[in-house]
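A quick write-up on the structure given underneath.
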Amino acid sequence: MNTQQFGSALKDLGFDFYSGVPCSFLKYLINYAINECDYVMAANEGDAVATSAGAYLAGKKSVVLMQNSGLTNATSPLTSLNYSFKLPVLGFVSLRGEEGLNDEPQHELMGRITGNMLSSMEVEWEYLANDLNEAKEQLKRANQAIENNKTFFFVVKKGTFDEVTLKTQNISTTFAKELKHSDKEEVSPTRTEALTAISNWADNKTALLATTGKTGRELFEIEDKPNNLYMVGSMGCISSMALGLALADKSIKSVAIDGDGAALMRMGNFGTNGYYHPNNLLHILLDNSTHDSTGGQATISPNIDFATVAHATGYPVAIKVNTLDELKDELANWSSNPKATFIHLKIAKGSPKELGRPTIKPHEVKERLMNFLKN
Ligand SMILES: Cc1ncc(C[n+]2csc(CCOP(=O)(O)OP(=O)(O)O)c2C)c(N)n1
């Protein structure tokens, strides 16, 4: 079908924010998205889903594009972020390994189970038609699902889209990068102290997105506010989500509060965050060197200089702070001179003994945050 016209039909329905990882079956739709819309080059498909979900928080109808081999990577956010928070995205997944195609061996099994996988994840889906008029009818159904807060996927067979030439992509690199390591002694405050400082600092133009596990639970206990989001599941996705929000709404300060285990799980997103580096993105890593939420098992974080990694992956500002006062100073600095920034703070292991869980449901948190962002 005519890709340009299909893309325009998507745009007419309000879909103009894309993120994904390329597949040759989808290349012309991707070329269209890069040429004509906002397209975030994600490091992997799960990050693409999280970034699109973040953009949706700011009211953008968003699209993810992926090869079916990448559906596996996207499974964690599709099942625990989009599903739990009722955060819909429109997906296009290729059908590599379709029966009879004689495709590469690595696509054989995925080709057979792509539809079943989507159904198992309770994602509504259809094979995308070759005919534009038919496809436009399908888009209406997909749009209906999205408007009912349900993710919808199209499974795309080989040769569905006609050619769109990719315009030159200007890949810019970040210059004038700043890397700072505190020379003070490492104090390792508690997470409660660090989160209290962050929560007290956050004004009513700031969204605090807290990573899964005890970080979200503690933030909820410290102060439950409409500009907070407590991630459940989707481990490692918080900064990709914050990126989507920051790109989609420049008027909001989008703050990801990450954990070391989570950050390590999807570290490719450091590169994407660094590449796009919107001024309104702040990525704070509270590093207790453990998987605290699952019993305090060690992570490999003591071996990693996260600020240097963030610097090397393109964050304009990357800082290692060692005390609570330094954290507060850097938060204040960012408020007065916002640039995409990464802050690393070592914190103590452990949480308050009687730690509850958010009593508000994930989808209520989302609805509340979206209302907050609208006003
Ligand atoms: C994909 C995935 N694997 C494992 C888990 C189980 N899990 C939940 S929280 C957590 C630890 C996260 O560690 P970190 O980000 O350092 O935060 P902390 O628990 O220390 O606060 C793990 C392993 C999960 N939720 N998702």
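Counting from 1, the numbers follow the sequence of the chain as shown. Hydrogens, waters and symmetry mates play no part in the numbers below; they use all other heavy atoms, side chains included. Start at 1 and go down the list; that is how both ligands and their atoms are numbered.
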Under 3.5 Å side-chain donor-acceptor pair for Q67 and S69: yes
Aromatic ring proximity Y32/F6, centre distance under 6.0 Å: no
Counting non-hydrogen protein atoms only, what is the nearest one to atom 4 (C) of ligand 1? Give residue, atom name and distance. M235 SD, 3.8 Å
Numbered atoms of ligand 1 (with element) below 4.0 Å of G259, judged on heavy atoms: 15 (O), 16 (O)
Closest to atom 8 (C) of ligand 1 among protein heavy atoms sits T294 CG2, 3.9 Å
Does any N/O atom on A262 come nearer than 3.5 Å to any N/O atom on ligand 1? yes
If you measure only the distance, is there a donor-acceptor pair under 3.5 Å linking the side chains of S289 and K346? yes
Under a plain distance cut-off of 3.5 Å, with no hydrogens placed, do N149 and H363 share a side-chain donor-acceptor pair? no
Suppose we measure from atom 21 (O) of ligand 1 to each protein heavy atom; which comes out shortest, and what is that distance? R191 NH1, 2.6 Å
For atom 13 (O) of ligand 1, state which one of H291, R266, K214 supplies the nearest heavy atom. H291
Among Y18, Y39, F92, F161, the one residue meeting side chain to side chain contact (heavy atoms under 4.5 Å, CB included) with I30: Y39
Report the part of D292 in contact with ligand 1, treating N, CA, C, O as backbone and CB onward as side chain, heavy atoms under 4.0 Å; options are side chain, backbone, both, neither. both
Would you please determine whether K349 falls within less than 4.0 Å of ligand 1 on a heavy-atom basis? no
Please report whether ligand 1 has a polar contact with S293, defined as an N or O pair separated by less than 3.5 Å (distance criterion only). yes
For D325 and T323, which I'm curious about, is there any donor-acceptor pair between the side chains at under 3.5 Å? no
Checking N273 against Y315: is there a side-chain donor and acceptor pair closer than 3.5 Å? yes
Steps toward side-chain hydrogen bond (donor to acceptor under 3.5 Å, both in side chains) verdict (W125, T114): CA-CA 10 Å; W125 65 275; T114 296; over 6 Å; no
Does any N or O atom in N288 lie less than 3.5 angstrom from one in ligand 1, N or O only? yes
If you measure only the distance, is there a donor-acceptor pair under 3.5 Å linking the side chains of T272 and N269? no
Short N/O distance, under 3.5 Å, between T290 and ligand 1? yes
Evaluate M265 for polar contact with ligand 1, using N/O atom pairs at a separation under 3.5 Å. no
Atom NZ of K225: over 12 foreign heavy atoms under 6.0 Å: yes
Nitrogen or oxygen atoms of T211 and ligand 1 under 3.5 Å apart: no
Tell me which protein heavy atom sits closest to atom 16 (O) of ligand 1, plus the residue, atom name and distance to 0.1 Å. G261 N, 2.7 Å
Residue part near ligand 1, for D260, under 4.0 Å between non-hydrogen atoms: both
